[in-house]
Asker: 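Following this message is one structure expressed as structure tokens.
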Amino acid sequence: MNVESLDKAIRRIPDFPKPGILFYDITSILTNPEAFKYCLEQMYEIYKDSGINAIAAVESRGFIFAGSLAEKMGLPLILIRKKGKLPGDTYSCSYALEYGTATIEAHKADIKAGQKYLVVDDLIATGGTLAATKNLIEQGGGEVTDFFGVIGLPDLNYEKVLAPCKVTTLINYKGE
């Protein structure tokens with residue numbers, strides 16, 4: 001398996017969720033054990049010696065990749081959820097969407113001051129959700145050092161939004 005094979009494993013759905021958008025569907029990676037294994041192996045090789053203390057996963061597809069990596073590395077997994085999905089005390093951060101705003105939350109008890117975090121999602125587009133995740137972790141005294149996405153859309157300038165943190169993707173699609 002290589003990047004070209006990974007590209008072939010990613011389903012493309014035109015005009016979803018609205019006309020003019022080409023949606024990259026990672027569920028087709030999950031139904032292809034070889035492609036899923038490739039993603040997990042690449043993630044492990046990238047982060048095994050990184051010094052991170054915990055992995056934060058963005059709802060919901062980020063959970064799948066981050067959960068597997070956290071287990072393999074023996075690290076805590078922090079869930080970043082949509083507002084109202086977590087019981088108890090939470091940190092909260094709202095951020096702009098194309099049409100409106102969204103709010104994400106994380107349990108206060110899960111974020112540890114002084115720890116270094118990797119934030120994982122399936123696809124990185126504008127970086128808005130990931131920047132909000134970084135804000136949540138910083139509210140608890142943690143430090144985000146890295147962002148990871150299986151797919152990146154660099155033409156949407158996520159690296160500028162997420163700087164100075166390192167951003168890593170396995171495959172990038174330009175102009176889409």
Asker: Does any non-hydrogen side-chain atom of L6 lie less than 4.5 Å from one of L170?
Answerer: yes
Asker: Side-chain contact, heavy-atom cut-off 4.5 Å: I104 with R81?
Answerer: no
Asker: Let me see the working for T129 and Y95 under side-chain hydrogen bond (donor to acceptor under 3.5 Å, both in side chains), right down to the final yes or no.
Answerer: CA-CA 7 Å; T129 305; Y95 60 101; 3.1 Å; yes
Asker: Rounded to the nearest 0.5 Å, what separation is found between the SG atom of C165 and the CZ atom of F148?
Answerer: 15.5 Å
Asker: Is K108 atom NZ crowded by more than 12 heavy atoms from other residues, nucleotides or ligands, each under 6.0 Å away?
Answerer: yes
Asker: Give a yes or no answer on whether the side chain of S28 reaches the backbone of R11 with a donor-acceptor pair at less than 3.5 Å.
Answerer: yes
Asker: Assigning hydrophobic clusters by single linkage (Ile, Leu, Val, Met, Phe, Trp, Tyr; side-chain heavy-atom cutoff under 4.5 Å), is L97 placed with L156?
Answerer: no
Asker: For K82 versus E59, what's the shortest heavy-atom pair and its separation?
Answerer: N-OE1, 2.7 Å
Asker: Would you say K83 and T90 make side-chain contact, with heavy atoms under 4.5 Å?
Answerer: no
Asker: Below 4.5 Å, heavy atoms only, C-beta onward: do V167 and I124 meet side chain to side chain?
Answerer: yes
Asker: Step by step, would you call L75 with I52 a side-chain contact (heavy atoms from CB on, under 4.5 Å)?
Answerer: CA-CA 9 Å; L75 295 174; I52 58 172; 3.8 Å; yes
Asker: Looking only at heavy atoms, which two atoms of G84 and E105 are closest? And how far apart?
Answerer: N-OE1, 3.1 Å
Asker: Could you tell me whether K8 and E4 make a salt bridge, using a distance below 4.0 angstrom between a side-chain N and a carboxylate O?
Answerer: no
Asker: Between the side chains of Y173 and D7, does any donor sit under 3.5 Å from an acceptor?
Answerer: yes
Asker: With a 4.5 Å limit on heavy-atom distance, are the side chains of L79 and F63 in contact?
Answerer: yes
Asker: Is it possible for you to say whether I55 and V58 belong to one hydrophobic cluster, with membership spreading through side-chain heavy-atom contacts below 4.5 Å?
Answerer: no
Asker: Grab the two heavy atoms, one from I78 and one from D110, that are nearest each other, plus how far apart they are.
Answerer: CD1-O, 3.3 Å
Asker: Return the set of residues passing salt bridge (charged side-chain N to carboxylate O under 4.0 Å, His left out) with E159 (not counting sequence neighbours), or none when no residue passes.
Answerer: none
Asker: Could you walk me through whether L130 and D121 satisfy the side-chain contact (heavy atoms from CB on, under 4.5 Å) test, starting with their C-alpha distance in whole Å, then the side-chain angles of each, then the deciding distance to 0.1 Å, before giving a yes or no?
Answerer: CA-CA 8 Å; L130 297 179; D121 204 354; 4.0 Å; yes
Asker: With a 4.5 Å cut-off on side-chain heavy atoms, are L118 and T145 touching?
Answerer: no
Asker: Quick one: CG on D25 to CZ on R12, what's the gap to the nearest 0.5 Å?
Answerer: 11.0 Å
Asker: Who pairs with F36 by ring-ring contact (aromatic ring centres under 6.0 Å, His included), at least two apart in sequence or on another chain?
Answerer: F65
Asker: Within the 4.5 Å heavy-atom criterion, are N135 and Q139 side-chain neighbours or not?
Answerer: yes
Asker: Which heavy atom of G114 sits nearest a heavy atom of N53, and at what distance?
Answerer: O-OD1, 4.4 Å
Asker: Work out which heavy atom in T31 is nearest to a heavy atom in P33; give both atom names and the distance.
Answerer: O-CD, 3.4 Å
Asker: Using modelled atom types and a 3.5 Å cut-off, is there a donor and acceptor pairing between side-chain atoms of K112 and backbone atoms of A109?
Answerer: yes
Asker: Side-chain heavy atoms nearer than 4.5 Å, only ILVMFWY residues, links allowed to pass through others: does that put L77 and I80 together?
Answerer: no
Asker: Quick one: pull up CE in M43 and NZ in K48 and give me the separation to the nearest 0.5 Å.
Answerer: 14.5 Å
Asker: Is the closest side-chain donor-acceptor distance between N172 and T169 under 3.5 Å?
Answerer: yes
Asker: How far does CD1 of I26 sit from CG of N32, to the nearest 0.5 angstrom?
Answerer: 12.0 Å
Asker: Side-chain donor-acceptor pair under 3.5 Å between Y38 and S5, yes or no?
Answerer: no
Asker: Closest heavy-atom contact between V150 and C39?
Answerer: CG1-SG, 4.0 Å
Asker: Start with the C-alpha distance between I21 and D15, add both sets of side-chain angles, then the distance that settles side-chain contact (heavy atoms from CB on, under 4.5 Å), and finish with yes or no.
Answerer: CA-CA 5 Å; I21 301 292; D15 298 321; over 6 Å; no
Asker: Establish whether L86 and Y117 are linked, either directly or via other cluster members, by ILVMFWY side-chain heavy-atom contacts under 4.5 Å.
Answerer: no
Asker: Could you check K134 against F147 for side-chain contact (heavy atoms from CB on, under 4.5 Å), going step by step and ending with a plain yes or no?
Answerer: CA-CA 9 Å; K134 181 176 185 278; F147 293 102; 4.0 Å; yes
Asker: Between D122, I64, I10, which is the residue that forms a side-chain contact (heavy atoms from CB on, under 4.5 Å) with I29?
Answerer: I10
Asker: How long is the straight-line distance from OH of Y24 back to CG of L123, given to the nearest 0.5 Å?
Answerer: 9.0 Å
Asker: Check the hydrophobic clustering (I, L, V, M, F, W, Y; side-chain heavy atoms under 4.5 Å; chains of links allowed) and say if L162 and I46 are grouped together.
Answerer: no
Asker: Flag the pair T168 / Y47 as yes when at least one side-chain heavy-atom distance between them is below 4.5 Å, and no otherwise.
Answerer: yes
